[in-house]
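Sending over a structure as structure tokens; questions will come in a sec.
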Amino acid sequence: MPEFQLSAQLKGHDSDVRTVLFPAPDVILSGGRDKTARVWRKTTQKPPTFDDKIVSNSEGFVNSLAFVRRQNVPGSHGLLVQGGADAMIEVKNPASPNDETKRLLFGHSNNVCTLDVFPNGNQLVSGSWDGSAMVWDLNKWEQIRTLKHVSTNGGSSVWAVLAYTDELVITGSADGNVRIFSLRDAGGHEILPKKTLKTGDVVRALCKLPADLKSRHPTGADFASAGNDSTIQLWKITGEQVGTLHGHASFIYSLAALPTGEIVSSGEDRTLRIWRGTNCVQTITHPAISVWSVAVCSVNGDIVSGASDKMIRVFTRNVDRIAAPDVISEYEQSLQLAEIPKNQVSESDKTETVTKEWLQSNQGKKDGQLALVKEDNGSILAYQWATGRGWIQIGTVVDPPSQRPKVQYKGKEYDYVFDVDVEEGKPTLKLPYNLTEDTYQAATRFLGDNNLPITYIEAVANFIRENTKDAVPATSTTVEDKPPPTTTASVATYLPHVEYLAITQGTLGPALKKINEWNAQHIAEGNKHIALNPGNLKSLQALVQAYSTGNPAAGTLQEAIPILLRLATNWPYAHRLPILDIIRCVVANPAFSSHINSQSASPINLTLRGALDVNDPVGLVSADLVDFVSNNADWPKVNPRNVMLALRAVTNLFLTPEGRNLATKEADAILAVLGRVAGVGEKQGPFGSTNDNFYHNMIIALISAAFNFACLAYNERRQTPPTEAIDLGRLAQVFGVAEAVIRNSDNGEVQFRAAMTAGMLLASNEDAKEIAKTLDVQVWLQAASRQTSDERVKAVVAECANYLG
């Protein structure tokens, strides 16, 4: 079978190309870190060239794409579905002349990193950093299933999803598990996995393998998975592992299957690889560190890749579709100029340095084999064996960083100061490290300095080892020989935690877009008494623009806040979700808490009313909110999504002194809401359905707000002079919320925050300890510790026991 050769190079993106699709021979779809999604259409057949059109300008990175074919809809060319850092799923018509969103799907609370369309074309499955996978009805445009991922390490991102059939969905997660879900047996909204397969490391990619006899994989595998361990694992749908493919030298990010049954993979080792059976038959090196995504055209068998050098490349086996000579020359020259860090050269590929004469007289033993040639000037050139083409220069090997000067960071010298991208769209964090340090000690310091969960310690330690493996001094004991730390007193304690929690992540562009759509609808229907005028829209546009570039000026906020509060209390209840989403971000600015309005109610009071009062407009705002929550709210009609956003707003209120003052003044009303939603003293239990994915997000927001009250109680008692923002009655209420939450949830992160809430109250003062003994706090904490598998919860409960004596 002929080798793949370069067919085209597509230039257009301004940053990494994170995701690509190849739905038709003349059409390529792409998304990237330049926040755009693009459609590329072939303009000439021989040699192939493509022109692009931007079909989406997003607020965050575009990290995932899917294409929905609509052959049964006359005149339809299909729909493009995109997900990314803004946590929204957008549906667009790629043939539309402008950036027009057909649908917005709300559900995830963090980066949507993977999407796949069911074979029937009527459903979509999505995966997110929020630890969930969701199934969506593409005819009704609504979420219909949540695929539940229960992790023992406090929650893990769902990196990969695969709609294997119309009834089976497969997911891959950061906890190292592949899960198989059956929709046929689903008895409710939330589905548990039918099978859980342990891979041993983070799973980043999945692909279905052909089932027909002609192209079926020789191992009998039905699907493949890959991830951080650099291997491709082959599975039957029954859960039996039937093979492992070795060859990549670093993380594998993407998998695809050719019509021939061959597997295509790409990853952090700069390569795209073709696998026939269990052998790697071709390695295509890219002049980029990361080859993020690969896709296959099912019609002609061509491959497309997207990489960190901003480029999209097409590869073909058909001689009629090979790139023009100047394009091939440009590609080969960029390969030769690439720098390869020595620690990225696979141990299995390293050979003795050879001469150019040796290359001329010797063939490689396998495709992708590496040979190093030392030039007269001392530089080391890397050559790779390509079957049918010989030795190809793919770059220059550079010395490991340890041989370079020390790096200064905060007044100290380090061998390394890594840039760590913990969360997309946020500034990178600095990870300093010296080769003489134990990796676990450095990881623990990094997590503590940046207030990150201790559960990340293994991933951070592995990151350090992977990026310094070539630079460990020969005279020292290698870090791999040292055992990981045990969970003893050497692990940092959790209490007290004096910094307030925040839930501010997200972008406001999609919310503003929805407000504009509904405002146009109000105008068209003659509802001008609640519609926004051009000046109002301009103020909101200025606010969103200011937030996308930094912290907005006070004047911008002062204009927008009364508009948002008016919409939150006067617009139809079904239209308040995007308004509340903007408010929960604005709350973190002092101008919100300092705002004085003409409705004799505070901004947070109006926000809660907008979320809880289903009337259009809300009822009398001067009425007591505590009474409304207990006696007048129509809870069966209240939308959990609105409640979630309002509780996030309460959580973010604690980020400023002005906000904490307002939270103290409105504590009775806020705690009444927290108690009712948590189910404190309620015969009917907590508000909302556990079958709704938003229930988990709502409870996270609720317990985060409760924790911030506990944190306030602790911090205020340590001021000079000490103050008592949270009196004894309110302390008891917060204990009650924490108890209700921890009893009604089996989620590790929820239980951890509830235990931390109780712990911060215990740490605050002696009165809190006496109240805790009266309320039997230790009883329900110990029960939670026995039932959970989350080590963080057990550790916090043990610390709470020390406070209680």
Between V39 and I54, is there a side-chain heavy-atom distance shorter than 4.5 Å? no

Please confirm whether the backbone N or O of W129 pairs with a side-chain atom of N110, one donor and one acceptor, at under 3.5 Å? no

Give a yes or no on whether the backbone of N111 and the side-chain of S128 come within a donor-acceptor separation of less than 3.5 Å. yes

Working to the nearest 0.5 Å, report the span between CD of Q233 and CG of L206. 11.0 Å

Taking every heavy atom of I252 against every heavy atom of A226, the minimum-distance pair comes out as CG2-CB, 3.6 Å

Regarding T244 and Q241, is there a side-chain donor-to-acceptor distance under 3.5 Å anywhere? yes

Is there a side-chain contact between Y253 and S293, using heavy atoms and a 4.5 Å cut-off? no

Between D302 (side chain only) and T316 (backbone N and O only), is there a donor and an acceptor less than 3.5 Å apart? no

Can you tell if the side chain of W385 reaches within under 4.5 Å of the side chain of Q363, non-hydrogen atoms only? yes

For the atom pair CG (L183) and CG (L147), what is the distance rounded to the nearest 0.5 Å? 6.5 Å

Just by modelled atom types, is the V294 backbone N or O under 3.5 Å from a matching donor or acceptor in the S254 side chain? yes

Check the pair E268, R204 against salt bridge (charged side-chain N to carboxylate O under 4.0 Å, His left out), reporting the backbone distance first and the verdict last. CA-CA 12 Å; E268 185 72 6; R204 292 178 177 267; over 6 Å; no

Look at the aromatic rings of H13 and W40 and report parallel, tilted or perpendicular, splitting at 30° and 60°. tilted

So, does K53 use its side chain to make a donor-acceptor pair with the main chain of P94 at under 3.5 Å? yes

Heavy-atom check, side chain of L245 versus side chain of L234, under 4.5 Å: yes

Show the nearest heavy-atom pair for residues S64 and G84, with the distance to one decimal. OG-N, 4.5 Å

Quick one: pull up CD1 in I312 and OG in S305 and give me the separation to the nearest 0.5 Å. 8.5 Å

Determine, for R216 against D222, whether the closest basic-nitrogen to carboxylate-oxygen distance falls under 4.0 angstrom. yes

Work out which heavy atom in W159 is nearest to a heavy atom in V203; give both atom names and the distance. CB-O, 3.2 Å

With no hydrogens and no angle check, is any side-chain donor or acceptor of T171 less than 3.5 Å from a backbone partner on V161? no

Salt bridge (charged side-chain N to carboxylate O under 4.0 Å, His left out) between R317 and E262, intermediate numbers included: CA-CA 13 Å; R317 280 172 166 159; E262 295 164 297; 2.8 Å; yes

Do we see a donor-acceptor contact under 3.5 Å between the side chains of T146 and E190? no

Could you give me the CA-CA distance, side-chain angles and deciding distance for I263 and H217, then say whether side-chain contact (heavy atoms from CB on, under 4.5 Å) is met? CA-CA 9 Å; I263 296 172; H217 199 275; 4.1 Å; yes

Close side-chain approach of P48 and S7, heavy atoms under 4.5 Å: yes

Main-chain N/O of D175 paired to S173 side chain as donor or acceptor, under 3.5 Å: no

Test log, rule side-chain contact (heavy atoms from CB on, under 4.5 Å), inputs I392 and E332: CA-CA 9 Å; I392 300 172; E332 292 180 344; 5.7 Å; no

For W391 and N362, work out which heavy atoms get closest and say how close. NE1-O, 2.8 Å

Mind checking whether E142 and W136 have side chains closer than 4.5 Å, heavy atoms only? no

Minimum side-chain heavy-atom gap R313-V304 below 4.5 Å: no

With no hydrogens and no angle check, is any side-chain donor or acceptor of R270 less than 3.5 Å from a backbone partner on I394? yes

Flag, side chain of T219 to backbone of A221, donor-acceptor distance under 3.5 Å: yes

Exercise: do H248 and S265 side chains pair donor with acceptor under 3.5 Å: yes

Atom pair CD1 (I89) and CD (Q143), whose distance is rounded to the nearest 0.5 Å: 9.0 Å

In terms of ring plane angle, is the pair Y164 and F223 parallel, tilted or perpendicular, where the classes change at 30° and 60°? perpendicular

Find the distance between CG (N122) and CG (L138) and round it off to the nearest 0.5 Å. 7.0 Å

Salt bridge (Lys or Arg N to Asp or Glu O under 4.0 Å) partner of D52, chosen from R38, R41, K42, K11: R38

Counterpart residues, side-chain contact (heavy atoms from CB on, under 4.5 Å), relative to D16 (two or more places apart): R18, R33, W292, S308

So does Q333 have more than 12 non-hydrogen atoms from other groups sitting under 6.0 Å from CD? no

Before giving the answer on side-chain contact (heavy atoms from CB on, under 4.5 Å), spell out for L168 and S182 the whole-Å C-alpha distance, their side-chain angles and the decisive distance to 0.1 Å. CA-CA 5 Å; L168 288 178; S182 173; 4.0 Å; yes

Quick one, E90 with S56, criterion side chain to side chain donor-acceptor pair (under 3.5 Å). Give me CA distance, side-chain angles, the key distance, then yes/no. CA-CA 9 Å; E90 291 191 57; S56 175; 4.7 Å; no

4.5 Å side-chain heavy-atom contact, V91 and W141: yes

OH of Y331 to CG of D326: how many Å apart, nearest 0.5 Å? 15.5 Å

The test is side-chain contact (heavy atoms from CB on, under 4.5 Å); show your working for Q282 and R273 and say whether it passes. CA-CA 6 Å; Q282 187 175 359; R273 297 180 186 239; over 6 Å; no

F22 and A295 have their tightest heavy-atom pair at N-CB, 4.0 Å

R276 and V281 have their tightest heavy-atom pair at CB-CG1, 3.7 Å

Step by step, work out the side chain to side chain donor-acceptor pair (under 3.5 Å) result for T49 and T43. CA-CA 6 Å; T49 59; T43 52; 2.8 Å; yes

Counting only N and O atoms by type, is there a donor-acceptor contact under 3.5 Å from the side chain of T165 to the main-chain atoms of E167? yes

Salt bridge K46-D320, side-chain N to carboxylate O under 4.0 Å: yes

May I ask you to decide if the ring planes of F181 and H149 are parallel, tilted or perpendicular, using 30° and 60° as cut-offs? tilted

